[in-house]
Protein chains: 2
Amino acid sequence: MKQQEVFKAMANPTRRAILKRLQGGPLTAGEIGEAFDITSASLSHHFAVLKHADLVRTERRGQHIVYSLNSTVFEDLARMLMDLFPANRRV
Amino acid sequence: MKQQEVFKAMANPTRRAILKRLQGGPLTAGEIGEAFDITSASLSHHFAVLKHADLVRTERRGQHIVYSLNSTVFEDLARMLMDLFPANRRV
DNA sequence: TAGATATTTAGATATGTTTCTAAGTATTAC
DNA sequence: GTAATACTTAGAAACATATCTAAATATCTA
């Protein structure tokens, strides 16, 4: 996990909202964008950050690009956080 | 949990290193600072961000200010992340 | 092939973050 | 009270991020 990239990606509210939208399953860039009052260019920038952090995966489907969550990175991140606080650490 | 503040705080590598140093137990600002090649003023700014996110607690001890981790926020954050990925969500 | 649709890339601007130096506040010790 | 130590606050400079418009790329359909 690229820790720095992941935390940087999560630090923006629009990006967290994008991830939330993807909870329900894969969506195209356009479908995700419907929920935001922002240009598709800006959205695209956010997608790039999320992808670089490996938080989402992409797949082209015709004209569309379909985004989906990459659950394993969330797991890694959650585990990392659990390890960070001393109380009931397992490692 | 102030989600935005917490993620913003975690997005900086120096701040994550500060948190890591505090794993071993409470430390004064000065003790924490020893590990970093940065002015105390800059450190102090980072402390303020961590405090604002409620990730650390402070207590004055004479001339010193003692910092310690606030575990509950880490728990909240870890839980939030677990909830964010759909696989084995409990809520 | 030309046009329409979906998305990304490039370049610019505004805003936010990190860091510094200098000055301020709080506490201890004389 | 004055000086020393520990830390924070203020203000400025450098750098990074978020957003926009305009242009580019990729795919589909006629």
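As a basis for the values below, the full set of heavy atoms in this structure was taken, side chains included, without hydrogen atoms, waters or symmetry mates.
Evaluation of atom-type donor-acceptor distances gives no pair under 3.5 Å for the side chain of B:Gln63 against the base of C:dT28.
Once rounded to the nearest 0.5 Å, the distance linking NZ of B:Lys8 with NZ of B:Lys2 reads 10.0 Å.
Closest to the side chain of A:His46, from the set D:dA26, C:dT8, D:dT19, is D:dT19. Here the side chain of B:Thr39 is nearest to one of D:dT19, C:dT21, C:dT8, namely C:dT21. The side chain of B:Arg60 lies closest to C:dA26, out of C:dA26, C:dT18, C:dT8.
B:Tyr67 comes within contact range of the sugar-phosphate backbone alone, with a heavy-atom separation under 4.0 Å but no base atom that close. Across all strands shown, A:Leu43 has no heavy atoms under 4.0 Å from either base or sugar-phosphate atoms. As judged by a 4.0 angstrom heavy-atom cut-off over every strand, A:Ala29 is placed among residues touching the sugar-phosphate backbone only. If you check every strand for non-hydrogen atoms under 4.0 Å, B:Arg15 touches sugar and phosphate atoms only.
Pair assignment for D:dT9: C:dA22, on the basis of Watson-Crick or G-U wobble contacts that are both within less than 3.5 Å.
A straight line from CD1 of B:Ile38 to C1' of C:dT21 spans 14 Å, rounded to a whole angstrom.
Between B:Glu59 and B:Arg57 there is no salt bridge, since none of the side-chain N atoms of the basic residue sits less than 4.0 Å from a carboxylate O of the acidic one.
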